[in-house]
Novice: 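Have a look at this one.
Just follow the structure's listing: the first ligand is 1, and inside any ligand the first atom is 1.
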Amino acid sequence: MIKDGIDWEQLYQDKFTPWDVKRPDSHLADIVQNTPIRPCRALELGCGTGTNAIWLAGRGFDVTAMDLSATALAQARAKDGADACAFVLADFFEDPLPGTDFGFVFDLGCLHGFSNPEHRDMLARRIAQCLREGGHWLNISSSLDGQAVCPSRLSAGQITAAVEPYFEIVSLTATHLDNLSVEDKQEMGLAPDLPAPCAFCTLMRKRAPEQE
Ligand SMILES: C[S@@+](CC[C@H](N)C(=O)[O-])C[C@H]1O[C@@H](n2cnc3c(N)ncnc32)[C@H](O)[C@@H]1O
């Protein structure tokens with residue numbers, strides 16, 4: 001299993017999940033509401049406790065949501081609206097691809113968990129294999145800029161190096177991850193004034209096959 005040292009299942013069991021803001025991601029909502037991306041077959045990679053997958057299904061997307069943590073998926077399946085999603089316990093690197101005709105892939109914090117560039121390249125390649133031609137991938141990754149709030153961080157150059165062989169970049173925007181509530185920070189032993197990590201929000205379109 002490729003984890004680059006992070007034991008995700010253990011973190012969910014320990015209830016130490018500082019990425020789980022328990023509300024739909026603001027960048028995802030902005031992209032779905034303000035770009036031509038329309039309801040289609042969608043894959044959420046590394047869906048965690050399922051908030052964003054359920055939000056997408058509520059907007060008409062036909063959602064498959066994958067994670068390798070059984071604890072996270074049990075929490076996802078217990079949420080209101082979960083029946084509208086297909087939650088899949090699988091390792092995106094080692095298990096068969098969940099399909100090859102998705103129109104949209106969403107990943108918040110999966111790519112940035114891989115410190116090894118070969119693993120990031122493999123992830124981008126496999127996401128491209130899941131998408132139909134012209135399909136989009138929205139990635140939100142914590143960035144190397146600003147205070148080191150999140151241990152997994154990527155530069156814009158590391159993101160583009162991984163994705164550009166397979167994707168055209170539609171937009172790459174410097175932003176912040178959505179912040180945890182003060183109550184959740186306190187529950188996890190984090191400082192109440194901990195800032196939201198700097199991040200990059202990257203929307204990409206799968207490259208068309210090269211013509212002869
Ligand atoms: C930083 S967490 C983000 C979770 C969720 N997107 C959220 O924002 O709440 C990264 C997630 O990716 C999942 N993950 C990491 N590697 C994976 C893999 N190879 N296959 C499937 N899921 C993976 C982890 O279990 C974890 O839930």
Novice: With only distance considered, is Asp20 within less than 3.5 Å of ligand 1 through an N or O on each side?
Specialist: no
Novice: Please determine if Gly46 has a nitrogen or oxygen closer than 3.5 Å to a nitrogen or oxygen of ligand 1.
Specialist: yes
Novice: Quick check, are the ring centers of Phe92 and Trp8 under 6.0 angstrom apart?
Specialist: no
Novice: Below 4.0 angstrom, N of the basic side chain to O of the carboxylate: do Arg41 and Asp101 qualify?
Specialist: yes
Novice: Taking 4.0 Å as the limit for heavy-atom contacts, which would you say applies to Ala72 with ligand 1: side chain only, backbone only, both, or neither?
Specialist: neither
Novice: Nearest 0.5 Å, what's the CE-CG distance between Met66 and Leu89?
Specialist: 9.0 Å
Novice: Sequence neighbours excluded, which residues qualify as side chain to side chain donor-acceptor pair (under 3.5 Å) partners of Lys22?
Specialist: Asp184
Novice: Just to check, does Ala90 reach to within less than 4.0 Å of ligand 1 when the distance is taken from its heavy atoms?
Specialist: yes
Novice: Say whether Tyr166 and Asp121, considering side chains only, have a donor N or O and an acceptor N or O under 3.5 Å apart.
Specialist: yes
Novice: Who passes side chain to side chain donor-acceptor pair (under 3.5 Å) against Asp30, sequence neighbours left out?
Specialist: Asn34
Novice: Counting only heavy atoms closer than 4.0 Å, does ligand 1 sit against the backbone of Glu94, its side chain, both, or neither?
Specialist: neither
Novice: Hey, which atoms in ligand 1 end up nearer than 4.0 Å to a heavy atom of Glu44?
Specialist: 6 (N)
Novice: Is the Phe93-Phe114 ring centre distance short of 6.0 angstrom?
Specialist: yes
Novice: Should Asp7 and Leu11 count as side-chain neighbours, where that means a heavy-atom distance under 4.5 Å?
Specialist: no
Novice: State the atoms of ligand 1, each with its element, that fall below the 4.0 Å cut-off from a heavy-atom position in Gly109.
Specialist: 1 (C), 10 (C)
Novice: Taking distance alone, with N or O pairs closer than 3.5 Å, would you say Tyr12 contacts ligand 1?
Specialist: yes
Novice: Return yes or no for this condition: an N or O of Phe92 is under 3.5 Å from an N or O of ligand 1.
Specialist: yes
Novice: Under 3.5 Å between any N/O of Ser69 and any N/O of ligand 1: does that happen in this structure?
Specialist: no
Novice: Do Cys47 and ligand 1 have an N or O pair less than 3.5 Å apart?
Specialist: no
